[in-house]
Amino acid sequence: MDQISESKIIGVATPRVDGPLKVSGAAMYASDYHFPGLLFAWPVCATIANGTITALGTAAAEKMPGVVAIYHRANIGKLYRVPPASGFSLIVDEKRPPFEDDVIRYYGQYVAVVVAQTVEQARAAAESVNVSYKRQKPDTSGNLLHSQLTTDKPDEKSKRGNAAAALQSAKIKVDEVYTMPVETHNTIELHASVAVYDGQKYTLYETSQAVVNHRDVLAQMLGVSPEQVQVITKFLGSGFGGKLWPWPQSVLAAACARNLGKPVKLVVNRQMMFQNVGHRPAIEQRIQLAAEQDGQLTAVQQDYVNHTSILDDYDEGCGEITPFIYSTPNLLVTGGLARRNVGNPTAMRGPGAVPGLFALEAAMDELAVKLKMDPVGLRLKNEPALDESLNIPFSSRHMKECLTVGAEKFGWSKRTPEVGSMKRDGITLGWGVAACSWLAARIGTDATVELRQDGTARVACGTQDIGGGTYTVLAQVASHQTGLPVSKIEVVLGDSSLPPGPISGGSWVTASVTPSVLEASKNAGNALLLAAIKSEGSPFKGKKQDELEFIEGTVRLKGQSQGAVPMSEILRIANARSVSGTGRSDGTFGAEKPQYSFHSYGAQFAEVTWQPEIARLHVSRVVTVIDAGRILNPKPARNQIEGAIVMGVGMALLEETMYDPRSGAPINNNLADYVMAVNADTPAIDVTFLDYPDYKLNALGVRGVGEIGLAGIAAAITSAVYHATGIRVRDLPVRIEDLLGPSGKNIHVA
Ligand code: MOS
């Protein structure tokens, strides 16, 4: 399709079409579904992190009020493994079906599930199941770079030139280790599964970022064909990647419904969220940089190790951005995995890029200090002309403009580089900057658009709205092509029986689905023109289809507004309830020989205030400039970036899942002890979109936003902390005790 530059609705700030449903409580989330005869399931979670089950006593629990059944390895029935697959199909993080053996590999692993009449009865009985274990010492430790890996040596992820030689001969070097703790996706909506089985078919109400994959995985695990499973997710209370792939509670709920012939609801509670449904792994990264005195990089090496579970290999992919963000002749990225007694890690907002850029951009700041060079200038100096890792051009890259516009908006020219040299109202300021990037891609998508006699249109696609505004932007795209107002367009998503759509992941939905919806709208318009020339009584009867056009919701002779007939009138004459068209756009993700390097870019500028007298650190201001292609709807787009910045404050200063080394249990497994950024932690946020359409990716030039906002922000903050305090914190999160200095030297004693 040709590139689209002019539009009355694309790029216009449009309120969310699903807003009224959400604020009135009418939006249905997974656990809102209720059916006659519904039973409640509650899992029994292992209280050790390593060992085997020696006995499972259910006799007492079975006699408790309301208990219907207790399932475990001996009686749950057959559950299958998902066979290995490639691409975006049959993805599941925890490949072992629940209860497959008696081995416990992480704290909280499901060992049984109780079904009862009420949720309280199910929980009480689950807590009364007696499980005996043979215990072994669990390992949840950090110190990853120096521990045993799953492979003999780390994998080479990207390589050019000879980084080792360049590093050895370099005069100016940075060589530091950066660490990140486990972070838990604390979506407000808990993971939940409501399973209905009619003897043939499963209908699963899930909180899923990928209903089509969820259907295919559950069909495999349950041993039925995909036609026998339907997955529905109309709304998500966010996901952050934690709901991309199915977790064991889903197949447990389905198996209970199958075994009992009754609908079953299983809600994972907040404590279980910390152990049973993924997390961002603990990560250690060694970054080595070498540069000339003028700041030109001569070598970049990144070696990362992330932890993974005992059975599954989750690679965080921290080196994703490193190979193309800067120009350097010599580069090496390696990655390795170290097994720990934890549930399987999974993608969490900006997987790979976000941790990777924390380390790389923090190291770039250290290099700027060594060079006595402005950190913005250092980045401008190393801007590449093309993607040097693949030797292909960038589709559309405006990194320099992100940095210069951001510097201007932030007032960067007023920065004095000496530590602690900037004050406002007697309070010490720290200013830091980081560059960021995130991959852009299209995932193969089918969509249909129906034009209806009642004057409305229906857009359907088997993708989901994670909360980022997908319902709204698809209504805008259909509105653009049909001329119908957004209020006349119904968007139907979140059902695996719809034409297969992409995962709500990677910030790829907008780029992937908009081309299909455009094409489907166009094809639906052609079907309408056919009705106009073929139907008895139509003023256009006998005309050729190419003499007509469908524009502004009407059929007319090309270029003539006179005699235009509304779509609904044509359909009435044809006595057709509707006409429809389909659209298909292919994926670009994982292309073997890509022609262009597709990414979004940005610059993050952060200000912290530091009051050593009371040891108070606060992120006071963030300016962010994002180059994410054309912005389809600035309202939710801005909201995505703002939310990511707030999450970035949490990543930099607050978030950390802690494990008790003795039991292997996540001990701060609640919203009181796992501290996240809240309103009081939120800085003043200034978001600018450069808005350059990327027509190499699709007709509208959209790349999508979401994850890019979190990239770089932690490094901007830790660099600002250094600028304010002189203390370089390389282990997230930054703690107040880190800032007190080796002997409390940062505390001013009167
Ligand atoms: Mo996002 S971590 O790709 O859901």
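One-based numbering, in listed order, for ligands and for the atoms of each. Just so it is clear, the values below take in all heavy atoms, side chains as well, and ignore hydrogens, waters and symmetry mates.
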Engineer: When you check the side-chain N and O atoms of Thr308 and Asp313, is any donor under 3.5 Å from an acceptor?
Structural biologist: no

Engineer: With a heavy-atom distance limit of 4.0 Å, tell me whether Leu244 approaches ligand 1 through its side chain, its backbone, both, or neither.
Structural biologist: side chain

Engineer: Centroid separation under 6.0 Å, is that true for the rings of His279 and His307?
Structural biologist: yes

Engineer: In terms of side-chain heavy atoms, does Glu206 have a donor or acceptor partner in Ser193 at a distance below 3.5 Å?
Structural biologist: yes

Engineer: Going by the atom numbers of ligand 1, which of them fall below 4.0 Å from some non-hydrogen atom of Pro351?
Structural biologist: 2 (S)

Engineer: Would you check if there is a donor-acceptor pair between the side chains of Thr184 and Thr657 at a distance under 3.5 Å?
Structural biologist: yes

Engineer: Any ion pair linking Asp627 and Arg703 (charged N to carboxylate O, less than 4.0 Å)?
Structural biologist: yes

Engineer: Quick one: does Phe240 get within less than 4.0 Å of ligand 1, heavy atoms only?
Structural biologist: yes

Engineer: Give the atom numbers and elements of ligand 1 that come within less than 4.0 Å of a heavy atom of Arg349.
Structural biologist: 2 (S)

Engineer: Salt-bridged, Lys22 to Asp465, with N to O below 4.0 Å?
Structural biologist: no

Engineer: Which atoms of ligand 1 sit under 4.0 Å from any heavy atom of Gly505?
Structural biologist: 3 (O), 4 (O)

Engineer: Please confirm whether Tyr107 and Tyr659 have ring centers closer than 6.0 angstrom.
Structural biologist: no

Engineer: Is the closest heavy-atom distance from Gly239 to ligand 1 below 4.0 Å?
Structural biologist: no

Engineer: If you measure from atom 2 (S) of ligand 1 to every heavy atom of His185, Glu707, Lys243, Gln209, which option wins on shortest distance?
Structural biologist: Glu707

Engineer: Check each heavy atom of Ser507 against ligand 1 and say whether those closer than 4.0 Å belong to the side chain, the backbone, both or neither.
Structural biologist: neither

Engineer: What protein heavy atom sits nearest atom 3 (O) of ligand 1, and how far off is it?
Structural biologist: Gly506 N, 2.6 Å

Engineer: Look only at interatomic distance and state if Gly241 has a nitrogen or oxygen under 3.5 Å from any nitrogen or oxygen of ligand 1.
Structural biologist: yes

